[in-house]
Amino acid sequence: MTRGMEAIPTNWHEQIINLLAERIVVTDREGIIIYINEAYCEFLGTTVEEAINRPVQDVIENSRMHIVAKTGKKELAALHPINGSEMIANRYPLFVEGKLVGALGTVMFRSPEEWRMYKTKIQHLVEELKYYKTKVEKELKSKYYFQDLIGSSQPFLAAKNLAERISVSNSSVLLIGESGTGKELFAHAIHNHSLRSSLPFVAINCASIPEHLLESELFGYDDGAFTGAKKGGKKGQFEMANNGTLFLDEIGDMPLSMQSKLLRVLQEKEVQRVGGQKSIPVDVRIIAATHRDLEKMVDEGKFRRDLYYRLNVIKIEIPSLNKRKEDIKLISMGLLKKLERKFFRTGIEISKEVEQRLMEHSWPGNIRELENVLERAINVLDGQTIEVFHLPLYLRELELQSSNQIDSPVTNTKPVEKLSSSISPLKETLAQVEKEAIINALTVTNGNKQKAARLLEIGKTRFYEKCKLYDIK
Ligand SMILES: Nc1ncnc2c1ncn2[C@@H]1O[C@H](COP(=O)(O)OP(=O)(O)OP(=O)(O)O)[C@@H](O)[C@H]1O
């Protein structure tokens with residue numbers, strides 16, 4: 001029995017070829033057309049007789065067939081403008097007995113209508129893909145640069161200069177600083193200044209992920225690793241950050257069991273997905289951050305010493321805002337510019353008295369708190385100048401060191417009756433102060449209860465109880 005092409009009668013060949021691709025052209029190595037079908041010629045407004053034996057670029061506008069016939073490199077699904085339409089062309093080199101002899105070209109769509117129909121069908125898929133691509137790019141891209149880090153005080157510049165200098169190295173970085181001092185901003189800037197800047201920057205907050213999910217978040221999981229696991233498994237943050245930077249925020253809050261697993265990955269430079277057998281190599285630069293005293297935690301057995309040494313290759317301490325008060329004005333100006341863009345406003349200023357209050361407050365929530373204070377002020381501001389009455393209560397009632405605006409008990413001249421009427425039972429006053437402190441802490445932390453509890457230095461459970469007591473949502 002005959003098998004293969006020999007079984008097909010020769011006079012069928014042309015029809016079969018034409019059915020496979022309505023427009024087809026074949027050239028020799030020099031790009032001279034040796035075959036072109038009628039459909040193609042009709043579309044080009046020529047005839048087979050006129051086209052044969054002519055250089056392909058003289059017959060088909062924008063053709064690259066002569067190039068493929070020379071390079072031997074195929075070009076698939078290339079956009080090819082012909083007669084004002086964008087056709088999709090495939091160009092293949094032809095090899096006979098291992099020798100490049102010419103090229104074969106096909107046009108994938110038989111008419112612009114056909115292309116349009118197809119295009120409509122795939123258009124929404126393309127748009128969906130574009131949407132997810134931008135989303136992923138945004139999430140995996142670091143947003144801040146060193147020029148976004150405002151401050152000219154000596155301790156801040158020392159931290160910033162050190163961070164800039166060590167950006168290019170691959171060593172692990174440990175950022176230490178109170179909440180809201182800009183640790184995340186530093187991490188972004190270091191990545192953006194490094195050789196990995198065009199590669200992913202993945203940030204993970206170790207405190208905000210429930211302990212039982214942290215492992216699969218970091219290392220991913222394989223198909224069927226646990227009930228509810230996504231089909232086909234899921235990449236972990238280590239794999240997502242491959243070749244780039246992984247920012248482990250709040251590393252001090254990582255449970256001890258996870259610390260050992262993290263250490264293993266850092267030592268072996270490979271991850272194993274939850275429920276998986278395979279080791280996946282990863283090349284990731286680690287930037288870790290915490291507001292906690294890791295050395296003390298190590299001494300207390302709450303943080304692994306070996307992991308601490310591994311992370312603490314380059315330590316950068318970011319000064320808290322009250323240690324660089326000379327930066328407050330500059331930072332406020334920078335934040336106002338940012339907020340003006342957000343609120344579509346211009347020319348906002350702060351009054352001298354507000355400036356003084358900003359200088360005298362202790363800023364437990366650091367720059368995040370300052371940002372929230374200014375944002376709140378803009379929200380209630382009708383004119384251009386932020387005045388004291390635009391500030392939150394705790395700043396309005398701040399006792400100024402260098403002014404006599406608020407009467408001190410010694411110089412107080414209010415009548416006794418007036419004074420006694422303003423005095424409430426101690427229990428009530430204390431409750432009021434407690435309530436305000438909680439509200440302020442929540443303002444400073446953008447409503448993050450865990451962080452607020454930390455600022456107030458009370459446990460989470462007590463914090464929640466107090467919120468319930470004072471009806472704070
Ligand atoms: N030097 C700076 N110049 C301008 N803005 C800053 C600076 N540092 C921090 N910020 C702003 O302050 C806010 C808090 O910064 P960031 O989130 O980086 O702090 P953090 O130390 O990581 O806080 P946390 O420990 O609570 O996560 C952000 O909105 C950031 O834009």
Side-chain angles (χ1 to χ4, degrees), residues 142-164 173-193 201-209 245-254 286-294 297 311 315-343 358 361 363-378 440-457 460:
S142 61
K143 292 175 281 203
Y144 304 101
Y145 298 80
F146 279 114
Q147 65 259 33
D148 297 313
L149 294 172
I150 311 174
S152 58
S153 62
Q154 194 280 324
F156 181 73
L157 283 183
K160 188 172 161 181
N161 291 341
L162 173 62
E164 213 166 331
V173 180
L174 182 61
L175 301 171
I176 308 276
E178 284 177 11
S179 186
T181 44
K183 298 185 291 295
E184 183 160 358
L185 242 70
F186 264 78
H188 279 263
I190 293 172
H191 172 79
N192 265 333
H193 200 67
F201 173 86
V202 177
I204 182 164
N205 187 313
C206 305
S208 68
I209 298 172
T245 304
L246 181 62
F247 175 48
L248 298 170
D249 201 1
E250 313 273 19
I251 189 83
D253 292 59
M254 182 177 269
I286 300 288
I287 303 181
T290 185
H291 66 281
R292 293 189 187 277
D293 183 346
L294 280 191
M297 286 181 73
L311 298 174
K315 182 165 160 185
I316 300 177
E317 289 186 53
I318 305 170
S320 51
L321 194 52
N322 71 17
K323 296 223 176 71
R324 53 178 186 121
K325 285 206 159 167
E326 61 269 45
D327 283 342
I328 290 180
K329 182 140 185 234
L330 201 61
I331 295 175
S332 303
M333 294 302 127
L335 293 174
L336 279 180
K337 285 273 152 289
K338 189 163 120 184
L339 291 164
E340 279 181 350
R341 283 194 295 277
K342 183 170 167 188
F343 289 93
L358 299 187
H361 179 53
W363 299 109
N366 292 291
I367 303 176
R368 184 178 294 108
E369 181 184 0
L370 177 58
E371 200 168 0
N372 287 340
V373 165
L374 295 175
E375 180 163 346
R376 179 196 183 278
I378 292 184
N440 290 341
L442 284 168
T443 315
V444 165
T445 60
N446 252 345
N448 185 324
K449 292 192 169 160
Q450 238 175 343
K451 282 185 184 163
R454 246 177 8 228
L455 276 183
L456 296 169
E457 296 184 7
K460 260 188 293 178

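FYI, side chains are in, hydrogens and waters are out, and symmetry mates aren't considered; it's all heavy atoms of this structure. As the structure lists them, so they are numbered: ligands from 1, and atoms in each ligand from 1.
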Does an N or O from [X], backbone or side chain, lie closer than 3.5 Å to an N or O of ligand 1?
X	answer
L185	yes
G180	yes
Y144	no
R368	yes

Give me the nearest non-hydrogen protein atom to [atom] as residue plus atom name, then the distance to 0.1 Å.
atom	value
atom 8 (N) of ligand 1	I367 CD1, 3.3 Å
atom 13 (C) of ligand 1	E371 OE1, 3.5 Å
atom 31 (O) of ligand 1	K338 NZ, 3.2 Å
atom 25 (O) of ligand 1	K183 NZ, 2.7 Å
atom 1 (N) of ligand 1	I150 O, 3.1 Å
atom 22 (O) of ligand 1	E184 N, 3.0 Å

Can you say whether the rings of F201 and H191 are parallel (under 30°), tilted (30 to 60°) or perpendicular (over 60°)? tilted
Distance, nearest 0.5 Å, that separates [atom1] of [X] from [atom2] of [Y]:
X	Y	atom1	atom2	answer
E369	E178	CD	CD	10.5 Å
I176	D293	CD1	CG	8.0 Å
S179	H291	OG	NE2	7.0 Å
L149	Y144	CG	OH	10.0 Å
R454	E250	CZ	CD	4.5 Å
D327	M333	CG	CE	13.0 Å

Salt bridge or not between R368 and E371? Use side-chain N to carboxylate O under 4.0 Å. no
Within the 4.0 Å heavy-atom shell around [X], which atoms of ligand 1 are there?
X	result
D148	3 (N), 4 (C)
E178	21 (O)
G182	8 (N), 9 (C), 15 (O), 16 (P), 18 (O), 19 (O), 20 (P), 21 (O)
D249	27 (O)

Just checking, any donor-acceptor pair under 3.5 angstrom between side chains of N366 and T181? no
Would you say F156 contacts ligand 1, with heavy atoms under 4.0 Å as the rule?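 Yes, F156 has a heavy atom closer than 4.0 Å to ligand 1.
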Give a yes/no on ligand 1: does D327 have at least one heavy atom closer than 4.0 angstrom to it? no
Side chain, backbone, both or neither: which part of H188 has a heavy atom under 4.0 Å from ligand 1? neither
Heavy-atom closest pair, residues L330 and S152: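 Residues L330 and S152, closest heavy atoms: CD2-OG, 3.8 Å.
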Under a 3.5 Å distance rule, please check whether K160 uses its side chain to pair with a backbone N or O of F186 as donor and acceptor.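 No; zero donor-acceptor contacts below 3.5 Å.
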